[in-house]
Amino acid sequence: MLQRIRRALDILRKGLKERGHLSSYTLVADGSSSIYLAAPDQAVDLVRTKGNVVIHEMVDVLRPCEAATG
């Protein structure tokens with residue numbers, strides 16, 4: 001896990017050019033393989049896909065689904 005944290009911080013600093021204090025970011029682990037930089041409107045994978053946006057709009061993901069009848 002420590003190696004993933006180091007990799008995530010390297011991508012945050014070098015790849016995404018984020019230079020703010022670490023307390024200003026929300027980092028979330030999925031429990032197995034990756035760490036994400038979470039923002040209100042998106043999440044960025046910092047380990048597995050290195051900087052790719054994985055969730056663009058949480059509103060779309062959490063929107064209720066309507067079941068088709070018939």
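Everything quoted here is computed from the prediction, not taken from an experiment.
Using a 4.5 Å cut-off on side-chain heavy atoms (C-beta onward), L16 and L46 make contact. I11 has its side chain out of reach of V47: every pair of non-hydrogen atoms, C-beta onward, lies at least 4.5 Å apart. Between L22 and L12, some side-chain heavy-atom pair lies under the 4.5 Å cut-off.
Taking NZ from K14 and CZ from R19, the interatomic distance works out to 9.0 Å, rounded to the nearest 0.5 Å. A distance of 11.5 Å separates CG of L9 from CZ of R7, quoted to the nearest 0.5 Å.
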Just distance, no hydrogens or angles: give the donor-acceptor pairs under 3.5 Å from side chains in residues 24-31, sequence neighbours left out.
{"from": "S24", "atom 1": "OG", "to": "H21", "atom 2": "O", "distance (Å)": "2.6"}
{"from": "Y25", "atom 1": "OH", "to": "E18", "atom 2": "OE1", "distance (Å)": "3.1"}
{"from": "Y25", "atom 1": "OH", "to": "G20", "atom 2": "N", "distance (Å)": "2.9"}
{"from": "D30", "atom 1": "OD1", "to": "S32", "atom 2": "N", "distance (Å)": "3.0"}
{"from": "D30", "atom 1": "OD1", "to": "S33", "atom 2": "N", "distance (Å)": "3.0"}
{"from": "D30", "atom 1": "OD1", "to": "S34", "atom 2": "N", "distance (Å)": "3.1"}
{"from": "D30", "atom 1": "OD2", "to": "Y36", "atom 2": "OH", "distance (Å)": "3.4"}
{"from": "D30", "atom 1": "OD2", "to": "R48", "atom 2": "NH2", "distance (Å)": "3.1"}

